[in-house]
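The structure appears right after this line, and notes come after that.
Excluded from the calculations below are hydrogen atoms, water molecules and symmetry mates; all remaining heavy atoms, backbone and side chain alike, are included. Computed from a predicted model, the values in this text were never measured in an experiment. Remember, it's 1-based here, ligands and their atoms both numbered in the order they're listed.
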Amino acid sequence: MKLHIYDTLRREKVGFEPQNPERVTLYVCGPTVYSFAHIGNARPVVVFDVLFRLLRALYGEHHVIYARNITDVDDKINKAAFDQGVEIDVITNHFADIYNADMATLGALRPTLEPRVTHNIDAILAQIAAILANGHAYAEQGHVLFDVESFKAYGALSRRSLDDMIAGSRVEVAPYKRNPHDFVLWKPSKPGEPAWDSPWGPGRPGWHIECSAMIEANLGLPIDIHGGGHDLIFPHHENEIAQGLCAQHAHGQDSGYARYWMHNGFLTFEGDKMSKSLGNVKLVHDLIEQVPGEVIRAALLSAHYRGPLDWTGELIAQTQSRLDGMYGTLRKFAAVPGRDEAAAPAILEVLCDDLNTPRAFAELSALAKALETAADDEARIAAKSRLLAAGRVLGLLQGDPEAWFRGGVDEDLKAKIDALVAERVAARTAKNWPDADRIRKALDDLGVDVMDSATGATWKLKAAETEDRGLSHGL
Ligand code: AMP
Ligand code: ZN
């Protein structure tokens, strides 16, 4: 079975050949952690989680390295830290934790590596120095800029020529730039902002260099697959290629930076682009209070990843009833033992066709039907095993069918946890630390993770961080 993916660079569906089948590498641009992720941000997370699961099924669990970075250096982070009068890591740790908890609720496995910018400053400085040494950048007024005219292949990914870019330019013309499209590798920090020492003065990295340096340092070049939303093709990924290649060779030509590029389409909300000005930005953190994480995940996978996806109440309702149907079948045949099958060939086959998740759902329905209509016990065992194995590759149907219809957690347990969390918030507000600690321990014993926030606390069952369907609650 061979994976075919649509490669953005070649603009066609191509057969995927990893450089080393025992070390398949995948990198996806991760969140900038200054606020909550919205449902559009969750689309690449869930889509590339399915790719991660598929690669693991094809090449073996320990042969796939998936890195998703955490951008913890950024102007918006600086602003949030300044507004709240705290250090940036108070903001970034807080939102990185929430991000990971929310994405776990959507059934996303933790990537193998989660490199942070603040832990990779040396790698970033080294890559900038290499680009400078190779004659593809210049230092000016405390900035280091990439010289786009020095790199002939600039624009290859987005299929733009530098001349067209200049003609239609709306890029800020700064006195330290030779060409308006030259982009920042390093820039001075403003007074009071976090700064790192560098040969070009104290400052901080530009956004694009963060990814290319973390890729080189954490995965090694070239990587197999680089992913992200299609808005990142230009300038972010175009600039990553320029940096990654020009750091390696004076002519920016070598075996490559990323061997395949995959980009997900955009999610709209009831037909509109999600935007603050329209007031229609839906946060994952809020949605998981209302809709089971698994329903959100399945809805995100209902359309092919490259196309648009419109988020509506109807989509959620349809997806809920689709999953209810399949969990209903699993509940009906709860007594039938499932065999641990390595994978379900039919589902792998449709996913190998450029992650065709809409067809994967059709396949799931067919497998559920096969279970319903199986003639004898042996056929039922085989059908149930296939259905569960197919669900596993998609990150679906792994929960307890009884619990699915109960809403994921025993009502008494939920009431008890809510009461304990409220008690603990009260103890913390009263600065009664011994009580707060005692209650945390009790919650811990119940298998509950509590996440404190400025406005109270949220909780989540620890099992939700594994592949199980999770449940989380705010207070
Ligand atoms: P950002 O925090 O804006 O850099 O976005 C993080 C990730 O979410 C990137 O891969 C974006 O391409 C992706 N993304 C942002 N908005 C949407 C959207 N509405 N639909 C799909 N993907 C999105
Ligand atoms: Zn990136």
Side-chain angles (χ1 to χ4, degrees), residues 8 26-49 51 66-77 80 92 95-96 98-99 102-103 106 108 111 113-117 120 123-124 127 157-158 183 185 205-219 223 225-244 257-258 261-276 278 280-285 287 296 299-312 315:
T8 310
L26 166 67
Y27 182 92
V28 176
C29 297
T32 304
V33 280
Y34 68 97
S35 181
F36 297 96
H38 61 60
I39 184 66
N41 300 135
R43 192 173 189 199
V45 174
V46 168
V47 162
F48 290 106
D49 180 66
L51 178 64
Y66 172 24
R68 185 180 64 212
N69 70 297
I70 290 184
T71 298
D72 60 355
V73 173
D74 182 87
D75 285 339
K76 292 188 239 53
I77 296 172
T92 57
F95 284 108
I98 291 175
Y99 182 84
D102 289 351
M103 297 310 144
L106 303 189
L113 304 170
E114 293 173 280
R116 292 185 180 218
V117 178
N120 283 274
I124 293 169
Q127 196 172 72
L157 182 70
S158 57
F183 54 89
L185 303 179
W207 171 37
H208 315 301
I209 195 79
E210 297 173 348
C211 280
S212 57
M214 285 191 280
I215 286 178
E216 186 178 6
N218 293 276
L219 294 175
I223 55 167
I225 304 176
H226 194 317
H230 75 64
D231 58 319
L232 299 183
I233 296 173
F234 187 87
H236 185 54
H237 290 162
E238 196 74 73
N239 293 355
E240 277 192 40
I241 294 174
Q243 296 159 162
Y257 172 69
W261 287 89
M262 291 175 76
H263 291 97
N264 65 271
F266 254 43
L267 179 147
T268 48
F269 182 78
E270 292 175 351
D272 290 319
K273 185 175 180 231
M274 262 193 297
S275 77
K276 281 208 177 114
L278 287 175
N280 63 355
V281 178
K282 295 293 157 204
L283 304 179
V284 176
H285 201 65
L287 250 149
I296 300 174
L300 286 169
L301 295 172
S302 61
H304 186 252
Y305 77 93
R306 275 193 286 125
L309 171 66
D310 194 31
W311 194 260
T312 60
L315 172 69

Please state which part of K273 comes within less than 4.0 Å of ligand 1, counting heavy atoms only: side chain, backbone, both or neither. neither

If you compare T71, D231, D74, V47 by their heavy atoms, the one closest to atom 11 (C) of ligand 1 turns out to be D231

Please report the closest heavy-atom contact between H263 and Y305, naming both atoms and the distance. O-CE1, 3.6 Å

Once the angle between the rings of F95 and F36 is folded into 0 to 90°, is it parallel (under 30°), tilted (30 to 60°) or perpendicular (over 60°)? perpendicular

What atoms in ligand 1 come closer than 4.0 Å to a heavy atom of G265? 21 (C)

If we number the atoms of ligand 1 from 1 as shown, the ones under 4.0 Å from a heavy atom of H38 are 16 (N), 17 (C)

How far is atom 17 (C) of ligand 1 from its nearest protein heavy atom, and which residue and atom name does that atom have? F266 CZ, 3.4 Å

With side-chain contact (heavy atoms from CB on, under 4.5 Å) as the test, would you mind laying out the steps for V47 and L300 before giving the verdict? CA-CA 8 Å; V47 162; L300 286 169; over 6 Å; no

So is P31 in contact with ligand 1, going by heavy-atom distances below 4.0 Å? no

Could you tell me whether any N, O or S atom belonging to C29 is less than 2.8 Å from the Zn ion (ligand 2)? yes

Closest approach of R43 and L267, non-hydrogen atoms and distance? NH1-N, 4.3 Å

Hey, is N41 touching ligand 1 through its side chain, its backbone, both or neither, going by heavy atoms under 4.0 Å? both

What's the spacing between I39 CD1 and L283 CG if we round to 0.5 Å? 10.0 Å

L278 vs F269, side-chain contact (heavy atoms from CB on, under 4.5 Å): CA-CA, chis, key distance, verdict: CA-CA 10 Å; L278 287 175; F269 182 78; over 6 Å; no

At what distance is the nearest protein heavy atom to atom 23 (C) of ligand 1, and which residue and atom is it? G40 O, 3.3 Å

To the nearest 0.5 Å, what is the distance between OG1 on T92 and CD1 on I77? 6.0 Å

Decide, counting backbone as well as side-chain atoms, whether H236 has an N, O or S atom less than 2.8 Å from the Zn ion (ligand 2). yes

Would you compute the distance between atom CD1 of I241 and atom CG of L157 and round it to the nearest 0.5 angstrom? 4.5 Å

Where on L267 is there a heavy atom closer than 4.0 Å to ligand 1, on the side chain, on the backbone, on both, or on neither? both

Give the intermediate values and the outcome of side chain to side chain donor-acceptor pair (under 3.5 Å) for residues N218 and N69. CA-CA 10 Å; N218 293 276; N69 70 297; over 6 Å; no

protein heavy-atom neighbour closest to atom 13 (C) of ligand 1 works out as P44 CG, 3.8 Å

At a 4.0 Å threshold, what atoms of ligand 1 neighbour a non-hydrogen atom of G229? 10 (O), 12 (O)

Ligand 1 versus N264, non-hydrogen atoms closer than 4.0 Å: side chain, backbone, both, neither? side chain

Students often mix this up, so state it plainly: with edges at 30° and 60°, are the rings of Y27 and H226 parallel, tilted or perpendicular? perpendicular

To the nearest 0.1 Å, how far is atom 9 (C) of ligand 1 from its closest protein heavy atom, and which atom is that? L232 CD1, 3.8 Å

Quick check: of its N, O or S atoms, which one does E240 have closest to the Zn ion (ligand 2)? OE2

